[in-house]
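Indexing begins at 1, ligand by ligand and atom by atom, following the structure's order. Here, residue 1 is the first one in the sequence, and each next residue gets the next number.
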Amino acid sequence: MSASPRHLAIIMDGNGRWAKRRRLPRQAGHLMGASGLKRIVRACADREVEFLTIFAFSTENWRRPADEVSALMSLFIQYLTREVKEMREQGVRLRVIGNREAFDVPLQRLIEDAESATAHNTRLNLTVAANYGGQWDILNAVQSWQAANPDTPLSALAQQDLAEHLSTAGMPDPDLLIRTGGESRISNFLLWQMAYTEFYFTDTLWPDFDDKALDAALTWFGTRVRRFGKTDEQVSGAPLKTYSLGESL
Ligand code: FPP
């Protein structure tokens with residue numbers, strides 16, 4: 001059984017190993033990773049995924065060698081400049097989440113331009129997490145709520161208020177997370193938002209993750225019973241017998 005999640009999140013891991021296995025520089029892996037991303041965006045639009053959120057650069061990725069960071073930034077710039085036309089044709093709306101202040105001003109402008117050029121598209125919402133960290137997002141949400149409500153004590157902050165100040169405000173939480181590259185962790189991605197997300201980990205390296213691999217993940221997702229804290233019976237709609245205290249079971 002295959003069912004598309006409404007919101008798919010992806011950690012695109014394994015570019016470096018893909019390149020190393022071919023005795024290529026890591027940057028070559030990222031380049032292949034970027035073309036893999038274009039393919040998956042198309043495939044998600046075809047499969048009626050409404051929201052696709054991808055982890056392109058974490059707040060921790062600045063620790064990588066300077067030449068790799070700069071290659072990743074160049075790829076990001078290329079993506080923002082070259083893909084906007086195709087995004088418009090495909091009905092893809094682009095958003096970038098993460099702390100933009102660390103990017104130089106021309107890159108910040110480029111992000112704003114790509115977001116406004118695609119703002120009216122509705123087929124697929126593509127969110128690129130760049131200089132993003134889940135812990136940063138939560139802290140930022142609390143601070144932004146407090147700034148918007150300076151006279152309200154922090155004890156009045158409700159879960160829904162916090163969700164409305166996250167960088168993903170207005171989006172449904174991810175239904176499925178795919179992480180390629182063999183690691184089984186979420187690496188400070190959408191921490192708050194993934195409370196009830198199904199996690200799919202695969203050894204396939206990101207540049208090798210093609211439509212067939214995507215379909216395998218979607219088929220697995222289609223077999224999951226999502227209970228959101230309820231019991232199996234409640235979710236399946238089977239009648240529940242209720243007992244009064246003292247009645248023998
Ligand atoms: C992880 O692979 C991947 C990244 C840190 C960057 C992901 C970036 C891309 C797919 C390309 C560019 C993105 C855009 C939006 C244009 P890794 O380097 O950690 O691989 P490894 O674990 O094998 O070393």
Side-chain angles (χ1 to χ4, degrees), residues 8-45 51-87 90 92-100 102-104 106-108 110-115 117-118 124-134 136 167 177-190 201-211 213-214 217:
L8 170 62
I10 305 185
I11 299 178
M12 309 176 292
D13 196 12
N15 296 343
R17 277 164 288 160
W18 183 93
K20 199 171 167 197
R21 283 180 194 172
R22 289 162 180 79
R23 298 176 194 279
L24 294 168
R26 291 178 59 81
Q27 280 83 328
H30 293 314
L31 189 61
M32 282 306 286
S35 59
L37 172 61
K38 293 179 209 166
R39 201 173 55 223
I40 290 297
V41 169
R42 249 178 273 126
C44 285
F51 293 85
L52 171 64
T53 302
I54 52 126
F55 208 3
F57 193 86
S58 74
T59 44
E60 290 74 30
N61 285 152
W62 295 107
R63 299 176 192 150
R64 293 194 173 201
D67 59 342
E68 184 169 344
V69 170
S70 127
L72 282 166
M73 288 299 149
S74 305
L75 272 179
F76 189 29
I77 292 169
Q78 273 180 30
Y79 191 76
L80 292 170
T81 41
R82 294 187 192 164
E83 290 309 304
V84 168
K85 187 168 169 280
E86 188 163 345
M87 284 185 216
Q90 290 177 5
V92 176
R93 176 176 185 174
L94 177 82
R95 290 186 185 88
V96 176
I97 57 169
N99 186 356
R100 297 179 188 194
F103 297 139
D104 60 24
L107 178 51
Q108 292 184 33
L110 207 53
I111 294 172
E112 287 161 16
D113 291 348
E115 286 180 329
T118 60
L124 171 67
N125 290 279
L126 170 65
T127 302
V128 175
N131 195 26
Y132 177 87
W136 165 83
S167 57
L177 167 76
I178 297 174
R179 182 178 185 139
T180 60
E183 307 290 358
S184 311
R185 54 178 174 253
I186 59 171
S187 300
N188 199 15
F189 197 20
L190 303 160
F201 298 111
T202 171
D203 289 338
T204 305
L205 303 176
W206 175 250
D208 293 327
F209 192 81
D210 56 12
D211 290 18
L214 174 66

Practice task
Can you sort out which atoms of ligand 1 are near Y79, meaning under 4.0 Å from one of its heavy atoms?
Solution key: 16 (C)
Practice task
Assess Q78 for proximity to ligand 1: is some non-hydrogen atom of it under 4.0 Å away?
Solution key: no
Completion exercise
For atom 3 (C) of ligand 1, the closest protein heavy atom turns out to be M12 O, 3.1 Å
Problem - Any side-chain donor near an acceptor of the partner, S187 and R179, under 3.5 Å - result: yes
Exercise for the section: Using distance alone, with no hydrogens and no angle criterion, decide if Q108 and E112 have a side-chain donor and acceptor under 3.5 Å apart. Expected result: no
Completion exercise
Near N61 (heavy-atom distance under 4.0 Å), the atoms of ligand 1 are 5 (C)
Fill in the blank from the handout: The closest protein heavy-atom partner of atom 7 (C) of ligand 1 is A56 O, 3.6 Å
Handout entry: N or O contact, D13 vs ligand 1, cut-off under 3.5 Å
Key = yes
Exercise for the section: For atom 11 (C) of ligand 1, grab the closest protein heavy atom and report residue, atom and distance to one decimal in Å. Expected result: H30 O, 3.6 Å
Practice task
Consider every N or O of R26 and every N or O of ligand 1, then say whether any pair is closer than 3.5 Å.
Solution key: yes
Handout entry: Close approach of G181 to ligand 1, heavy atoms, under 4.0 angstrom
Key = no
Problem - N or O pair under 3.5 Å between R17 and ligand 1 - result: yes
Exercise for the section: Please indicate whether R82 has more than 12 foreign heavy atoms, meaning atoms of other residues, nucleotides or ligands, lying under 6.0 Å from its CZ. Expected result: no
Exercise for the section: Give the C-alpha distance, both sets of side-chain angles, the deciding distance and a yes or no for side-chain contact (heavy atoms from CB on, under 4.5 Å) between I54 and L126. Expected result: CA-CA 8 Å; I54 52 126; L126 170 65; 4.2 Å; yes
Handout entry: Steps toward salt bridge (charged side-chain N to carboxylate O under 4.0 Å, His left out) verdict (E86, R42)
Key = CA-CA 10 Å; E86 188 163 345; R42 249 178 273 126; 3.2 Å; yes
Exercise for the section: For the pair R26 and N15, evaluate side chain to side chain donor-acceptor pair (under 3.5 Å) and give the outcome as yes or no after the intermediate values. Expected result: CA-CA 7 Å; R26 291 178 59 81; N15 296 343; over 6 Å; no
Problem - Within-cut-off N or O pair, N15 and ligand 1, under 3.5 Å - result: yes
Practice task
Look at the rings of F55 and Y132 and say which category their plane angle falls in: under 30° parallel, 30 to 60° tilted, over 60° perpendicular.
Solution key: perpendicular
Exercise for the section: Give the residue, atom name and distance (to 0.1 Å) of the protein heavy atom nearest atom 14 (C) of ligand 1. Expected result: L37 CD2, 4.0 Å
Practice task
Ignoring hydrogens and angles, state whether a donor on the side chain of N131 or W62 is under 3.5 Å from an acceptor on the partner side chain.
Solution key: yes
Problem - Heavy-atom nearest neighbour in the protein, as seen from atom 19 (O) of ligand 1, with distance rounded to 0.1 Å - result: R64 NH2, 2.8 Å
Exercise for the section: Compare all side-chain heavy atoms of L205 with those of T180 and state whether any distance is below 4.5 angstrom. Expected result: no
Practice task
Write out the residue and atom name of the closest protein heavy atom to atom 20 (O) of ligand 1, then the distance separating them to 0.1 Å.
Solution key: G16 N, 3.0 Å
